[in-house]
Structure formats: structure tokens, C-alpha cells
Amino acid sequence: MKAKTHRKIKRSIKLLKKIGEATGVPHRYSTAVAWFAERLILSLVAIGAICFAAGALFVLRLSEPIGESHFYDGIARRAGLAQDGIKIFSQQVIDVASPVFASLIRENRDEEDLAAAQLAERKEKLREYLKSKNSPFAEDEGALDAFVSSRNMKLMVAISFVESTLGKHCYYYNCSGIGGTPPTLRKYDSYAEWIKDFDDLLERRYKDLPIEKFIGLYVQPGSPNWLYGVKQVLGELQAIGV
């Protein structure tokens, strides 16, 4: 096997010499280059053989003793302890964090329950007020829910008082005169739909505007009676804590 490999190297060297001579390089230079190339190739082959032999020896003779050595056992124990430490630390973090998270969840639920209770109380107060005025809003659950969840509930109820006597005289469920008079008067399919649109309108165009400024702007031409009626209902709603 070695002789065969050596013959192949010799042929390669001769080929290299011929290539060098064909390029016009003097014979002595091409011979020297070929000699160094031969030694380099032989060295690489020898190094490869040594590496292969060393790897085979390690697998056959040394890998098992290393696996059974005290050094390997020490590393394995430390790795096991580190893993156990991570598990213990993680459990400690969970033990500490769990009550905190549970407390936050309870507080959030308490706040939600409180908000729901306050909303329900507000709804019942508004229902009783509207019922005392014989308003059809009092019998409409959708309207009551829309009122108490809106941003301008008191103002909308007060304006509906002067525009439609709290819903008694509405056209197409429009109880505040949005759009003016027919045919520009807006049409709705329910009180709740009108309330949501009215609330959005007040937010967009009349937010934080004093009620006195509504005269000539929201209601045209407006009158002292219109302003008096709105303020009267606002005061009554304020008095019952709605």
C-alpha cells in the first residue's frame, strides 16, 4: 500500500517537473520545486496517518477510562448540583412571585367588581329618575346601558328633556334634534343607537364647552328657556348622585 502511494506521488512529482519545464523555468529550479513538493506531500500524508492513529487509539483505549475517571465524575456531580440549584432557585422565585401575582389578580378583580357595582347602582338611580318623569327611556334596557356607559350621560339626558321631553316626542328615535328638521334629521333604529351617536358628537364638537355656548351653536337660535331646562335637569341628576 505504501509502495503504491509512493509511486503515485513520484508520478505527480514528474508531472509537476514537466509542467515547470514547459513554462520555461530552468531545470534546476523545477527540480528543486518538485523535491520540496514531494517532501511536503509526504509530510502531509504522514501527519494524516498519525492523526488517524491517535484518534483510533483514543476511541479504543482512552475514552472509557476518562469516562470512569475522578475528574469526569467531579464534573458530572457539579453539573448535577448546578441543575438542582437552578430548579431550587426557580421554585423559590415561583414561591415568592405567586402571592404577588395572586394579589394583583385579586386587586384587579376587586376593581372590576367595584366598577360593575357602581355602574349597576348608577343605572338604577337613572332608571328611578326617568321613571319619575314618565320617560320611555326607563323601560328600555339598551337605552339605560348606553346612557350609563357613555361619557356625557347627564348632558344628553338634560338636552333630551328640552328637545323631546325625555324621549316622549322623538322622531326615528332621535330625541335631541341631531341634524335639525326633516329631511336632514338623523334617523336611528333604537334609543341606544341615538345615544351612542349623540355621545360621539358631543365628544367631537362640544367637549368641555360650557352649556351657555350651545346657544346659537348646537341649538339655533336657542332661547333662555332651553338653557334653563338643561340646567334644571343637570342639577336634578347631580342631586341624586347619578
Side-chain angles (χ1 to χ4, degrees), residues 101 104-242:
F101 287 128
L104 291 175
I105 291 173
R106 283 195 301 270
E107 290 178 2
N108 184 60
R109 288 177 178 173
D110 291 342
E111 290 177 359
E112 290 179 353
D113 292 342
L114 179 61
Q118 291 175 340
L119 203 64
E121 181 181 3
R122 191 183 192 195
K123 179 179 177 180
E124 289 308 310
K125 287 182 178 181
L126 179 63
R127 186 199 304 275
E128 291 302 316
Y129 174 80
L130 293 172
K131 188 181 294 185
S132 69
K133 303 291 185 178
N134 295 318
S135 169
F137 298 151
E139 307 300 327
D140 192 308
E141 292 296 324
L144 291 172
D145 289 335
F147 270 132
V148 297
S149 62
S150 66
R151 293 153 293 185
N152 300 277
M153 184 196 74
K154 296 177 184 178
L155 184 57
M156 289 190 293
V157 172
I159 291 176
S160 74
F161 170 71
V162 295
E163 293 288 345
S164 64
T165 318
L166 294 174
K168 293 179 183 178
H169 308 289
C170 300
Y171 295 95
Y172 306 107
Y173 294 100
N174 187 339
C175 304
S176 59
I178 299 176
T181 56
T184 59
L185 184 72
R186 292 188 186 179
K187 300 179 181 180
Y188 303 97
D189 295 325
S190 65
Y191 292 131
E193 185 180 343
W194 156 70
I195 292 167
K196 292 175 182 177
D197 190 42
F198 193 15
D199 192 37
D200 290 339
L201 175 64
L202 292 174
E203 283 293 304
R204 288 195 314 270
R205 299 184 58 183
Y206 304 95
K207 186 176 178 62
D208 300 325
L209 193 68
I211 191 62
E212 289 80 7
K213 298 293 184 179
F214 279 52
I215 301 297
L217 183 61
Y218 176 85
V219 56
Q220 297 178 3
S223 67
N225 289 335
W226 189 94
L227 186 60
Y228 175 81
V230 171
K231 287 186 174 182
Q232 175 186 334
V233 174
L234 287 174
E236 291 172 352
L237 294 174
Q238 183 69 29
I240 62 175
V242 175

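Values reported hereafter were calculated over all heavy atoms of this structure, with side chains retained and with hydrogens, waters and symmetry mates removed.
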Closest approach of A192 to G142 (non-hydrogen atoms, all atoms of both residues): CB-O, 3.7 Å
Any side-chain to backbone donor/acceptor pair from R186 onto G179? Under 3.5 Å, distance only. no
Yes or no on side-chain contact (heavy atoms from CB on, under 4.5 Å) for L155 and I211, after CA distance, side-chain angles and deciding distance? CA-CA 9 Å; L155 184 57; I211 191 62; 3.7 Å; yes
Would you say the side-chain atoms of E193 and Y173 include a donor-acceptor pair closer than 3.5 Å? no
Separation between CG (D197) and CG (L202), nearest 0.5 Å, reads 10.0 Å
Over 12 non-hydrogen atoms of neighbours within 6.0 angstrom of CD in E212: yes
As an exercise, state the distance from SG of C170 to OH of Y188, rounded to the nearest 0.5 Å. 11.5 Å
If I compare all heavy atoms of L144 with all of A138, which pair ends up nearest, and what's the gap? CD1-O, 3.7 Å
Between NZ of K125 and CG of L130, what distance do you get to the nearest 0.5 Å? 14.0 Å
Once you round to the nearest 0.5 Å, how far does CZ of F137 lie from OH of Y129? 11.5 Å
Side chain proximity check, F214 to W226, heavy atoms < 4.5 angstrom: yes
Rounded to the nearest 0.5 angstrom, the CG-CD distance for L126 and E121 is 12.5 Å
Is the count of non-hydrogen atoms from other residues, nucleotides or ligands lying under 6.0 Å from K187 atom NZ greater than 12? no
Intermediate values then yes/no, side-chain contact (heavy atoms from CB on, under 4.5 Å), Y191 and S160: CA-CA 11 Å; Y191 292 131; S160 74; over 6 Å; no
N152 side chain to M156 main-chain N or O, any donor-acceptor pair under 3.5 Å? no
So for atom NZ, which belongs to K123, do other residues, nucleotides or ligands contribute more than 12 heavy atoms lying within a distance under 6.0 Å? yes
Is S135 reaching over with its side chain to a backbone N or O of L166, donor-acceptor style, under 3.5 angstrom? yes
Side chains of P136 and K168 in contact at under 4.5 Å (non-hydrogen atoms): yes
To the nearest 0.5 Å, atom CG of D208 lies from atom NZ of K213 at 14.0 Å
Are the side chains of V219 and E163 in touch, meaning some heavy atoms are under 4.5 Å apart? yes
Testing the basics here: between V230 and A158, what is the closest heavy-atom pair and its distance to 0.1 Å? O-CB, 3.5 Å
Please check this pair: side chain of K154 against backbone of V242, looking for a donor-acceptor N/O pair closer than 3.5 Å. yes
Any chance CZ of R205 has more than 12 other-residue heavy atoms, nucleotides or ligands included, within less than 6.0 Å? no
Return the orientation label for the Y206 and Y218 ring planes: parallel under 30°, perpendicular over 60°, tilted otherwise. perpendicular
